[in-house]
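Below is one structure, written out as structure tokens; comments come after it.
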Amino acid sequence: MHLKTLRNITKFKPIERNFYLRETIEVAEELLGQLLVRVIDKNLMAVRITEVEAYRGLLDPASHAYRGKEGRARIMFGDVGYAYVYLSYGVHYCINVVAKSEDQEAGAILIRSGEPVIGYQFMKLFHDREKCKISSGPGNLTKSLNINASYNGYDLTAGTELYISRGWLNKGEKIVSSTRVGISRATDKKWRFLIAGNCTVSKKP
DNA sequence: GGGACGATGTCCT
DNA sequence: GGACATCGTCCCC
């Protein structure tokens, strides 16, 4: 990251809860460029979010919330700004942030990829990869930031061990949408958003 | 109770 | 491009 940009960030302050109290898809798009901040024993790490997917509620067949609130996705029916973390394929953790308008019963955004901006060397202790690959894809992202199931239900607005803070979009960066990755239902919905051309995006649209 | 199946990543050919 | 690791959840028998 450029020093100029770093100077503009006076403090890593979590984004307020109201940011997430809007239509899931709208929040998803605006999450691009924001910072996912991780603090472990006074070590600071942050990635700039480059790829996300919106998952809605009872009307989205691809969503874990599709079958109702009595399953693993019950967090998605709760208050906004909290993390929904689940184990994928028995191997990888994936992290979502709950976001929905007051009209929506459920909704969350899967954070798929990020670009390391702070603490890359520390991240490598958890996942030793080059910068473009270390947080590319939902499983790699959680591995590089040492996020596991204990963060399911964690408040991402508290500003403690894990939170989201204001970031930036670089000049000329464009946001594009595409269909979501790895799903077998509702494959027509273009609810994946990414920063075009960024090397950390997991699968080019 | 049991089996199929993932919002994936890696390694092999 | 394909096999497979690996386990929680869900759905059906």
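Proteins get letters first, then strands, A, B, ... in listed order; numbering begins at 1 in each. Since this is a predicted model, take the numbers as computed values, not measurements.
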* Dot-bracket for DNA chain C, please, read 5' to 3', with Watson-Crick or G-U wobble pairs under 3.5 Å on both distances, ( ) within the strand, [ ] crossing, | other strand, . unpaired. => |||||.||||||.

* **Linked, directly or transitively: A/F193 and A/V181 (ILVMFWY side chains, under 4.5 Å)** => no

* To do: State plainly whether the residues A/E53 and A/R180 are in salt-bridge range, i.e. N to O under 4.0 Å.
  => no

* To do: Apply the test side-chain hydrogen bond (donor to acceptor under 3.5 Å, both in side chains) to residues A/E51 and A/S202: give CA-CA distance (whole Å), side-chain angles for both, the deciding distance (0.1 Å), then the verdict.
  => CA-CA 8 Å; A/E51 180 186 357; A/S202 60; 2.9 Å; yes

* Just by distance, do the side chain of A/E105 and the backbone of A/F77 share a donor-acceptor pair under 3.5 Å? -> no

* **Polar side-chain atom of A/Q104 near backbone of A/S101 as donor-acceptor pair, under 3.5 Å** => yes

* Hey, does A/R192 reach any base, or is it just sugar-phosphate, or nothing, if we go heavy atoms under 4.0 Å? -> nothing

* **Residues A/R17, A/D155: salt bridge by 4.0 Å N-O rule** => yes

* **Criterion side-chain contact (heavy atoms from CB on, under 4.5 Å) on A/K13 and A/R166, from CA distance to verdict** => CA-CA 7 Å; A/K13 195 177 64 173; A/R166 291 281 173 187; over 6 Å; no

* Hey, can you pull the residues of residues 66-100 of chain A with a non-hydrogen atom under 4.0 angstrom from DNA chain C? -> A/R67, A/G71, A/R72, A/L87, A/Y89, A/G90, A/V91

* Asked: So which heavy atom on A/N96 is nearest to which on A/L156, and how close?
  -> O-CD1, 4.4 Å

* **Salt-bridge present (A/K100, A/D79; N to O < 4.0 Å)** => no

* To do: May I ask you to say what A/I183 touches in the nucleic acid, namely base, sugar-phosphate or nothing, with a heavy-atom cut-off under 4.0 Å?
  => sugar-phosphate

* **Start and end of the DNA chain B segment that chain A contacts, any atom under 4.0 Å from a heavy atom** => B/dG6 to B/dT10

* Give the intermediate values and the outcome of side-chain hydrogen bond (donor to acceptor under 3.5 Å, both in side chains) for residues A/T179 and A/T187. => CA-CA 6 Å; A/T179 55; A/T187 52; over 6 Å; no

